[in-house]
Amino acid sequence: MRVLVSGGAGYIGSHTVLSLLASGHDVVVVDDFSNAKPSVIGRLEALSGKHVPVHAIDLTDAEKTERLFDHERFDAVVHFAGFKAVGESVAKPLAYYRNNLDSTLSLLEAMRRHDVQRLVFSSSATVYGEHAPVPYSEDYEHLSSSSPYGQTKVMIERIMSDVAAATEGLRVALLRYFNPVGAHPSGQIGEDPQGIPNNLMPFIAQVAVGRRERLTVFGDDYDTADGTCERDYLHVEDLAAGHVAALEHLDSMVTPVRAFNLGTGTGTSVLAMLHAFERAVGRELPYEVGPRRAGDLPAFWADPTRANTELGWRAEKSIDDMCADTWRWQQANPQGFPDA
Ligand code: UFG
(Lines give C-alpha, C1' and ligand atoms only; values in the text may rest on other atoms or scores of the structure.)
Protein backbone atom coordinates (compact mmCIF):
# COMPACT_ATOMS: atom_id res chain seq x y z
CA MET A 1 0.00 0.00 0.00
CA ARG A 2 1.00 3.61 -0.47
CA VAL A 3 0.67 5.06 3.03
CA LEU A 4 0.62 8.68 4.16
CA VAL A 5 2.22 8.91 7.61
CA SER A 6 1.35 12.16 9.38
CA GLY A 7 3.92 13.03 12.03
CA GLY A 8 6.26 10.54 10.37
CA ALA A 9 9.36 12.40 11.56
CA GLY A 10 8.36 12.06 15.23
CA TYR A 11 9.34 9.39 17.72
CA ILE A 12 6.71 6.73 17.07
CA GLY A 13 6.07 7.89 13.51
CA SER A 14 9.68 7.44 12.43
CA HIS A 15 9.89 3.90 13.81
CA THR A 16 6.61 3.06 12.11
CA VAL A 17 7.89 4.43 8.78
CA LEU A 18 10.76 1.93 8.97
CA SER A 19 8.43 -0.96 9.83
CA LEU A 20 6.09 -0.07 6.97
CA LEU A 21 8.98 0.10 4.50
CA ALA A 22 10.39 -3.20 5.78
CA SER A 23 6.95 -4.77 5.21
CA GLY A 24 6.96 -3.68 1.57
CA HIS A 25 4.71 -0.61 1.81
CA ASP A 26 5.46 2.74 0.17
CA VAL A 27 5.53 5.66 2.56
CA VAL A 28 4.99 9.40 2.18
CA VAL A 29 5.67 11.51 5.29
CA VAL A 30 3.84 14.70 6.16
CA ASP A 31 5.25 16.61 9.12
CA ASP A 32 5.44 20.30 10.05
CA PHE A 33 8.69 19.69 11.99
CA SER A 34 7.36 21.67 14.96
CA ASN A 35 8.56 18.89 17.27
CA ALA A 36 10.92 16.86 15.06
CA LYS A 37 14.17 17.53 13.24
CA PRO A 38 14.41 17.20 9.43
CA SER A 39 17.63 15.19 9.90
CA VAL A 40 15.46 12.25 10.99
CA ILE A 41 14.53 11.69 7.34
CA GLY A 42 18.11 11.09 6.17
CA ARG A 43 18.49 8.48 8.90
CA LEU A 44 15.30 6.75 7.79
CA GLU A 45 16.57 6.67 4.22
CA ALA A 46 19.97 5.31 5.28
CA LEU A 47 18.41 2.61 7.47
CA SER A 48 15.81 1.53 4.90
CA GLY A 49 17.85 2.04 1.74
CA LYS A 50 14.76 3.75 0.28
CA HIS A 51 13.80 7.28 -0.65
CA VAL A 52 11.28 8.74 1.80
CA PRO A 53 9.25 11.57 0.22
CA VAL A 54 8.41 14.32 2.70
CA HIS A 55 5.91 17.18 2.65
CA ALA A 56 6.59 19.90 5.24
CA ILE A 57 2.96 20.84 5.79
CA ASP A 58 0.97 21.87 8.84
CA LEU A 59 -2.20 19.79 8.55
CA THR A 60 -4.30 22.41 10.32
CA ASP A 61 -4.06 24.19 6.95
CA ALA A 62 -6.97 22.49 5.18
CA GLU A 63 -6.10 23.94 1.77
CA LYS A 64 -2.53 22.65 1.81
CA THR A 65 -3.75 19.28 3.05
CA GLU A 66 -6.23 19.12 0.19
CA ARG A 67 -3.50 20.01 -2.32
CA LEU A 68 -1.30 17.20 -0.97
CA PHE A 69 -4.09 14.72 -1.67
CA ASP A 70 -4.60 16.27 -5.13
CA HIS A 71 -0.98 15.58 -6.02
CA GLU A 72 -0.40 12.18 -4.44
CA ARG A 73 -2.46 9.01 -4.33
CA PHE A 74 -2.77 7.20 -0.99
CA ASP A 75 -4.25 3.83 -0.09
CA ALA A 76 -4.15 4.55 3.63
CA VAL A 77 -3.31 7.13 6.28
CA VAL A 78 -1.54 6.53 9.59
CA HIS A 79 -2.21 9.62 11.70
CA PHE A 80 0.36 10.48 14.39
CA ALA A 81 0.66 14.25 14.02
CA GLY A 82 -0.38 16.15 17.13
CA PHE A 83 0.73 17.95 20.27
CA LYS A 84 1.39 15.43 23.03
CA ALA A 85 2.63 17.01 26.26
CA VAL A 86 0.11 16.41 29.05
CA GLY A 87 1.28 19.26 31.31
CA GLU A 88 1.57 21.78 28.50
CA SER A 89 -1.97 20.94 27.40
CA VAL A 90 -3.28 21.97 30.82
CA ALA A 91 -1.58 25.37 30.42
CA LYS A 92 -2.51 25.83 26.74
CA PRO A 93 -5.80 24.01 26.18
CA LEU A 94 -6.85 26.10 23.19
CA ALA A 95 -3.61 25.40 21.35
CA TYR A 96 -4.13 21.66 21.93
CA TYR A 97 -7.78 21.56 20.87
CA ARG A 98 -7.10 23.79 17.86
CA ASN A 99 -4.05 21.86 16.65
CA ASN A 100 -5.08 18.29 17.31
CA LEU A 101 -8.68 18.64 16.16
CA ASP A 102 -8.11 20.89 13.13
CA SER A 103 -5.34 18.69 11.72
CA THR A 104 -7.54 15.62 12.09
CA LEU A 105 -10.52 17.33 10.46
CA SER A 106 -8.39 18.46 7.49
CA LEU A 107 -7.14 14.93 7.03
CA LEU A 108 -10.59 13.37 7.28
CA GLU A 109 -12.01 15.88 4.78
CA ALA A 110 -9.20 15.22 2.30
CA MET A 111 -9.58 11.45 2.75
CA ARG A 112 -13.32 11.71 2.08
CA ARG A 113 -12.89 13.82 -1.06
CA HIS A 114 -10.19 11.51 -2.42
CA ASP A 115 -11.86 8.29 -1.36
CA VAL A 116 -9.08 7.07 0.92
CA GLN A 117 -10.69 4.32 2.98
CA ARG A 118 -8.10 3.09 5.44
CA LEU A 119 -7.07 4.93 8.61
CA VAL A 120 -4.94 4.01 11.61
CA PHE A 121 -5.01 6.50 14.50
CA SER A 122 -2.50 7.12 17.23
CA SER A 123 -4.64 7.12 20.37
CA SER A 124 -3.62 6.64 23.96
CA ALA A 125 -4.40 4.69 27.12
CA THR A 126 -5.19 8.07 28.63
CA VAL A 127 -8.72 7.75 27.11
CA TYR A 128 -9.60 5.27 29.88
CA GLY A 129 -9.57 8.07 32.46
CA GLU A 130 -9.41 7.66 36.22
CA HIS A 131 -12.14 5.13 36.85
CA ALA A 132 -11.60 2.28 34.40
CA PRO A 133 -10.73 -1.05 36.06
CA VAL A 134 -7.15 -2.32 35.55
CA PRO A 135 -6.16 -3.98 33.27
CA TYR A 136 -7.78 -1.60 30.80
CA SER A 137 -10.07 -3.28 28.31
CA GLU A 138 -11.42 -1.85 25.03
CA ASP A 139 -14.90 -2.88 26.18
CA TYR A 140 -14.86 -0.05 28.75
CA GLU A 141 -17.08 2.65 27.29
CA HIS A 142 -16.94 5.67 29.61
CA LEU A 143 -13.98 7.32 27.96
CA SER A 144 -12.68 10.55 29.45
CA SER A 145 -9.32 12.05 30.24
CA SER A 146 -8.12 14.47 32.88
CA SER A 147 -5.95 16.56 30.52
CA PRO A 148 -6.87 18.56 27.43
CA TYR A 149 -4.29 16.47 25.54
CA GLY A 150 -6.05 13.26 26.54
CA GLN A 151 -9.42 14.80 25.85
CA THR A 152 -8.34 15.51 22.24
CA LYS A 153 -7.70 11.75 21.89
CA VAL A 154 -11.19 10.96 23.27
CA MET A 155 -12.76 13.52 20.92
CA ILE A 156 -10.83 12.38 17.86
CA GLU A 157 -11.79 8.74 18.51
CA ARG A 158 -15.41 9.91 18.59
CA ILE A 159 -15.09 12.03 15.44
CA MET A 160 -13.51 9.14 13.54
CA SER A 161 -16.24 6.76 14.72
CA ASP A 162 -18.96 9.13 13.54
CA VAL A 163 -17.27 9.69 10.17
CA ALA A 164 -16.72 5.95 9.68
CA ALA A 165 -20.39 5.25 10.48
CA ALA A 166 -21.38 7.75 7.77
CA THR A 167 -18.85 6.67 5.13
CA GLU A 168 -19.41 3.47 3.20
CA GLY A 169 -16.20 1.44 3.08
CA LEU A 170 -14.10 3.50 5.53
CA ARG A 171 -12.24 1.36 8.06
CA VAL A 172 -10.54 2.86 11.13
CA ALA A 173 -8.25 1.26 13.73
CA LEU A 174 -7.86 3.26 16.96
CA LEU A 175 -4.60 2.22 18.59
CA ARG A 176 -4.45 2.95 22.30
CA TYR A 177 -0.80 2.99 23.27
CA PHE A 178 0.40 2.39 26.78
CA ASN A 179 3.93 3.71 27.52
CA PRO A 180 6.16 3.57 24.43
CA VAL A 181 9.91 3.56 25.15
CA GLY A 182 13.08 2.21 23.55
CA ALA A 183 14.70 2.99 20.23
CA HIS A 184 15.65 1.36 16.95
CA PRO A 185 18.35 -1.29 17.66
CA SER A 186 20.73 0.55 15.29
CA GLY A 187 20.90 3.49 17.73
CA GLN A 188 20.24 5.80 14.77
CA ILE A 189 16.71 6.89 15.64
CA GLY A 190 15.04 7.32 19.02
CA GLU A 191 13.13 9.70 21.24
CA ASP A 192 14.47 13.27 21.12
CA PRO A 193 12.41 15.46 23.44
CA GLN A 194 12.94 19.21 23.20
CA GLY A 195 13.82 20.82 26.55
CA ILE A 196 13.39 18.98 29.83
CA PRO A 197 11.85 15.55 29.19
CA ASN A 198 8.37 15.05 30.63
CA ASN A 199 8.52 11.29 30.43
CA LEU A 200 10.41 8.83 32.57
CA MET A 201 12.57 6.94 30.08
CA PRO A 202 14.11 9.91 28.22
CA PHE A 203 14.74 11.59 31.57
CA ILE A 204 16.62 8.55 32.92
CA ALA A 205 18.58 8.33 29.66
CA GLN A 206 19.62 11.99 29.94
CA VAL A 207 20.75 11.44 33.55
CA ALA A 208 22.81 8.46 32.37
CA VAL A 209 24.48 10.47 29.61
CA GLY A 210 25.21 13.40 31.94
CA ARG A 211 22.71 15.96 30.63
CA ARG A 212 20.69 15.93 33.90
CA GLU A 213 21.97 15.61 37.43
CA ARG A 214 19.48 13.16 38.88
CA LEU A 215 16.06 11.63 38.38
CA THR A 216 13.26 12.83 40.60
CA VAL A 217 10.88 9.97 41.35
CA PHE A 218 7.43 11.51 41.56
CA GLY A 219 6.16 9.93 44.77
CA ASP A 220 6.97 6.68 46.58
CA ASP A 221 3.88 6.47 48.76
CA TYR A 222 1.45 4.95 46.25
CA ASP A 223 -0.38 1.74 47.06
CA THR A 224 1.91 -0.36 44.84
CA ALA A 225 4.57 -3.01 45.55
CA ASP A 226 7.45 -0.52 46.00
CA GLY A 227 5.34 2.63 46.45
CA THR A 228 6.14 4.08 43.00
CA CYS A 229 3.73 4.23 40.04
CA GLU A 230 3.41 1.27 37.70
CA ARG A 231 3.02 1.56 33.93
CA ASP A 232 2.89 -0.78 30.94
CA TYR A 233 6.08 0.10 29.04
CA LEU A 234 6.34 -1.30 25.54
CA HIS A 235 9.17 -1.17 23.02
CA VAL A 236 8.61 1.32 20.20
CA GLU A 237 9.63 -1.41 17.72
CA ASP A 238 6.77 -3.59 18.96
CA LEU A 239 4.47 -0.58 18.77
CA ALA A 240 5.56 0.13 15.18
CA ALA A 241 4.84 -3.52 14.27
CA GLY A 242 1.38 -3.05 15.81
CA HIS A 243 0.66 -0.29 13.29
CA VAL A 244 1.61 -2.49 10.36
CA ALA A 245 -0.56 -5.31 11.75
CA ALA A 246 -3.51 -2.93 12.22
CA LEU A 247 -3.12 -1.46 8.73
CA GLU A 248 -3.05 -4.90 7.13
CA HIS A 249 -6.06 -5.98 9.20
CA LEU A 250 -8.34 -3.10 8.17
CA ASP A 251 -9.77 -4.74 5.06
CA SER A 252 -10.97 -7.77 7.04
CA MET A 253 -12.57 -5.74 9.84
CA VAL A 254 -16.29 -6.43 10.16
CA THR A 255 -17.10 -3.15 11.94
CA PRO A 256 -16.09 0.26 10.54
CA VAL A 257 -14.14 1.16 13.69
CA ARG A 258 -12.21 -0.96 16.15
CA ALA A 259 -10.08 0.10 19.13
CA PHE A 260 -7.01 -1.94 20.09
CA ASN A 261 -4.83 -1.69 23.19
CA LEU A 262 -1.15 -1.89 22.35
CA GLY A 263 0.66 -2.85 25.53
CA THR A 264 2.39 -5.84 27.09
CA GLY A 265 -0.14 -6.53 29.82
CA THR A 266 2.42 -6.07 32.60
CA GLY A 267 3.10 -3.14 34.91
CA THR A 268 6.62 -2.01 35.88
CA SER A 269 7.36 0.48 38.65
CA VAL A 270 9.40 3.67 38.31
CA LEU A 271 12.14 2.24 40.52
CA ALA A 272 12.18 -1.08 38.64
CA MET A 273 12.60 0.86 35.39
CA LEU A 274 15.44 2.90 36.89
CA HIS A 275 17.19 -0.26 38.06
CA ALA A 276 16.75 -1.91 34.66
CA PHE A 277 18.36 1.11 33.05
CA GLU A 278 21.23 0.89 35.55
CA ARG A 279 21.81 -2.69 34.37
CA ALA A 280 21.99 -1.49 30.76
CA VAL A 281 24.45 1.28 31.65
CA GLY A 282 26.47 -0.82 34.11
CA ARG A 283 26.43 1.67 36.98
CA GLU A 284 24.09 3.22 39.54
CA LEU A 285 22.22 6.37 38.56
CA PRO A 286 21.47 9.21 41.00
CA TYR A 287 17.87 9.81 42.04
CA GLU A 288 15.80 11.46 44.73
CA VAL A 289 12.20 10.99 45.76
CA GLY A 290 10.02 14.05 45.26
CA PRO A 291 6.32 14.78 45.66
CA ARG A 292 3.65 13.15 43.53
CA ARG A 293 3.02 14.71 40.10
CA ALA A 294 -0.50 16.09 39.69
CA GLY A 295 -2.73 13.84 37.59
CA ASP A 296 -0.62 10.66 37.84
CA LEU A 297 -2.56 7.44 38.38
CA PRO A 298 -1.00 4.85 40.71
CA ALA A 299 -0.92 1.89 38.32
CA PHE A 300 -2.38 0.78 35.02
CA TRP A 301 -1.62 -1.64 32.26
CA ALA A 302 -3.28 -3.11 29.19
CA ASP A 303 -5.38 -6.12 28.56
CA PRO A 304 -3.85 -6.75 25.11
CA THR A 305 -5.99 -9.82 24.31
CA ARG A 306 -7.89 -8.17 21.46
CA ALA A 307 -4.73 -7.08 19.62
CA ASN A 308 -3.21 -10.52 20.27
CA THR A 309 -6.14 -12.42 18.82
CA GLU A 310 -7.53 -10.10 16.12
CA LEU A 311 -4.33 -8.48 14.85
CA GLY A 312 -2.05 -11.44 15.57
CA TRP A 313 0.20 -8.92 17.31
CA ARG A 314 2.09 -9.35 20.56
CA ALA A 315 4.70 -7.20 22.30
CA GLU A 316 7.87 -9.31 22.23
CA LYS A 317 10.62 -7.17 23.71
CA SER A 318 11.62 -7.09 27.37
CA ILE A 319 12.26 -4.18 29.72
CA ASP A 320 15.99 -4.95 29.38
CA ASP A 321 15.71 -4.65 25.56
CA MET A 322 13.94 -1.31 25.98
CA CYS A 323 16.70 0.02 28.24
CA ALA A 324 19.59 -1.36 26.15
CA ASP A 325 18.21 0.16 22.94
CA THR A 326 17.43 3.51 24.57
CA TRP A 327 20.95 3.61 25.99
CA ARG A 328 22.54 2.78 22.62
CA TRP A 329 20.57 5.63 20.99
CA GLN A 330 21.34 8.10 23.80
CA GLN A 331 25.07 7.30 23.83
CA ALA A 332 25.37 7.65 20.07
CA ASN A 333 23.28 10.87 20.07
CA PRO A 334 23.77 12.58 23.44
CA GLN A 335 22.15 15.80 22.15
CA GLY A 336 19.52 14.03 20.03
CA PHE A 337 19.26 14.51 16.27
CA PRO A 338 21.55 17.08 14.65
CA ASP A 339 19.94 20.38 13.61
CA ALA A 340 20.86 20.04 9.96
N1 UFG B 1 8.09 9.82 36.42
C2 UFG B 1 8.98 10.14 37.41
N3 UFG B 1 9.94 11.08 37.14
C4 UFG B 1 10.03 11.71 35.94
C5 UFG B 1 9.11 11.37 34.92
C6 UFG B 1 8.13 10.43 35.19
O7 UFG B 1 8.94 9.61 38.52
O8 UFG B 1 10.91 12.56 35.78
C9 UFG B 1 7.06 8.80 36.68
C10 UFG B 1 5.65 9.32 36.59
O11 UFG B 1 5.25 9.87 37.82
C12 UFG B 1 4.88 8.07 36.22
C13 UFG B 1 5.89 7.24 35.42
O14 UFG B 1 7.17 7.80 35.71
O15 UFG B 1 4.57 7.36 37.38
C16 UFG B 1 5.67 7.33 33.93
O17 UFG B 1 5.56 8.70 33.57
P18 UFG B 1 5.61 9.16 32.04
O19 UFG B 1 5.50 10.66 32.05
O20 UFG B 1 6.77 8.54 31.35
O21 UFG B 1 4.31 8.49 31.43
P22 UFG B 1 2.78 8.71 31.82
O23 UFG B 1 2.26 7.35 32.18
O24 UFG B 1 2.55 9.79 32.80
O25 UFG B 1 2.23 9.29 30.43
C26 UFG B 1 1.94 8.42 29.41
C27 UFG B 1 2.06 9.11 28.05
C28 UFG B 1 0.97 10.13 27.86
C29 UFG B 1 -0.37 9.59 28.24
C30 UFG B 1 -0.32 9.04 29.64
C31 UFG B 1 -1.62 8.48 30.13
O32 UFG B 1 3.31 9.74 27.92
O33 UFG B 1 0.94 10.48 26.49
O34 UFG B 1 0.64 8.00 29.65
O35 UFG B 1 -1.95 7.34 29.41
F36 UFG B 1 -1.32 10.56 28.20
Side-chain angles (χ1 to χ4, degrees), residues 7 10-13 35 80 82-90 96 100 121-132 134-136 140 143-157 174-182 191 193 195-208 211-236 239 259 261-264 266-277 285-302 319 322-323 326:
Y11 171 46
I12 303 168
N35 192 27
F80 293 102
F83 292 168
K84 62 170 187 180
V86 175
E88 186 185 56
S89 79
V90 176
Y96 271 69
N100 291 3
F121 175 58
S122 170
S123 190
S124 165
T126 194
V127 301
Y128 290 109
E130 293 171 37
H131 304 296
V134 176
Y136 290 166
Y140 184 79
L143 304 183
S144 72
S145 184
S146 53
S147 74
Y149 155 76
Q151 207 55 35
T152 69
K153 296 294 183 191
V154 174
M155 292 164 97
I156 293 169
E157 286 202 4
L174 308 169
L175 303 185
R176 297 177 179 160
Y177 315 154
F178 283 69
N179 286 59
V181 298
E191 190 169 9
I196 301 169
N198 299 308
N199 299 115
L200 179 64
M201 190 68 142
F203 202 105
I204 295 176
Q206 290 193 7
V207 171
R211 281 175 69 179
R212 314 265 159 216
E213 211 172 311
R214 66 177 69 83
L215 173 73
T216 301
V217 174
F218 296 144
D220 69 350
D221 57 350
Y222 287 95
D223 185 15
T224 58
D226 67 15
T228 66
C229 294
E230 294 172 3
R231 294 287 180 274
D232 185 342
Y233 297 95
L234 82 156
H235 199 294
V236 66
L239 184 55
N261 287 340
L262 296 184
T264 65
T266 310
T268 301
S269 75
V270 175
L271 284 178
M273 204 61 179
L274 175 69
H275 296 321
F277 209 91
L285 298 172
Y287 76 94
E288 64 187 4
V289 176
R292 293 181 177 195
R293 182 171 68 178
D296 275 344
L297 296 174
F300 62 84
W301 51 89
I319 293 284
M322 301 175 208
C323 293
T326 302

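Each ligand, and each atom within it, is numbered from 1 in the order the structure gives.
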Donor-acceptor contact present, side-chain Asp226 to main-chain Thr228, <3.5 Å: yes
Nearest neighbour in protein (non-hydrogen) for atom 23 (O) of ligand 1: Arg231 NE, 2.7 Å
Residue Asp223 excluded, over 12 heavy atoms near CG under 6.0 Å: no
Residue Val86 vicinity, atoms of ligand 1 by number, heavy atom under 4.0 Å: 36 (F)
Which of the ligand 1 atoms, numbered from 1, are nearer than 4.0 Å to a heavy atom of Tyr233: 13 (C), 16 (C)
Atoms in ligand 1 with a heavy atom of Val270 nearer than 4.0 Å: 7 (O), 9 (C), 13 (C), 14 (O), 15 (O)
Shortest non-hydrogen contact between Phe277 and Cys323, atoms and distance: N-SG, 3.6 Å
Nearest candidate to atom 2 (C) of ligand 1, where distance is taken over non-hydrogen atoms, out of Phe300, Phe218, Tyr222: Phe218
Polar side chain donor-acceptor pair, Ser145 to Gln151, under 3.5 angstrom: no
Side chain to side chain contact (heavy atoms under 4.5 Å, CB included) assessment of Lys84 paired with Ser89: CA-CA 8 Å; Lys84 62 170 187 180; Ser89 79; over 6 Å; no
Short side-chain to backbone donor-acceptor contact, Tyr136 and Thr126, under 3.5 Å: no
Side chain to side chain contact (heavy atoms under 4.5 Å, CB included) between Val86 and Asn198, intermediate numbers included: CA-CA 9 Å; Val86 175; Asn198 299 308; over 6 Å; no
Whether Tyr11 side chain and Val181 backbone form a donor-acceptor pair below 3.5 Å: yes
N/O separation below 3.5 Å, Asn199 to ligand 1: yes
Side-chain (Asn100) to main-chain (Phe83) donor-acceptor, under 3.5 angstrom: yes
Top protein contact for atom 20 (O) of ligand 1, by heavy-atom distance: Leu200 N, 2.8 Å
Any side-chain heavy-atom pair of Gln206 and Pro193 under 4.5 Å: yes
Check: Asn179 side chain, Arg231 main-chain N or O, donor-acceptor pair, under 3.5 Å: no
Atom 24 (O) of ligand 1: the protein heavy-atom neighbour that sits closest, reported with distance to 0.1 Å: Arg293 NH2, 2.9 Å
Non-hydrogen atom of Tyr136 closer than 4.0 Å to ligand 1: no
Numbered atoms and elements of ligand 1 in range of Asn179, under 4.0 angstrom, heavy atoms: 21 (O), 22 (P), 23 (O), 26 (C)
Val217: numbered ligand 1 atoms lying under 4.0 Å from its heavy atoms: 7 (O)
More than 12 heavy atoms of other groups within 6.0 Å of Tyr140 OH: yes
Proximal atoms of ligand 1 relative to Ser124 (non-hydrogen, under 4.0 Å): 29 (C), 35 (O), 36 (F)
Shortest protein heavy-atom distance from atom 11 (O) of ligand 1, along with the residue and atom involved: Asp296 OD2, 2.6 Å
Protein contact to atom 30 (C) of ligand 1 [nearest heavy atom, distance to 0.1 Å]: Thr126 CB, 4.4 Å
Distance filter under 4.0 Å to Asn198 heavy atoms, resulting ligand 1 atoms: 5 (C), 19 (O)
Residue and atom name of the nearest protein heavy atom (relative to atom 15 (O) of ligand 1), distance in Å to one decimal: Cys229 CB, 2.9 Å
Protein contact of atom 3 (N) of ligand 1 - nearest heavy atom, named by residue and atom, plus distance: Thr216 O, 2.8 Å
Enumerated ligand 1 atoms positioned under 4.0 Å from heavy atoms of Tyr149: 33 (O), 36 (F)
Contact check, Gly150 vs ligand 1, heavy-atom distance below 4.0 Å: no
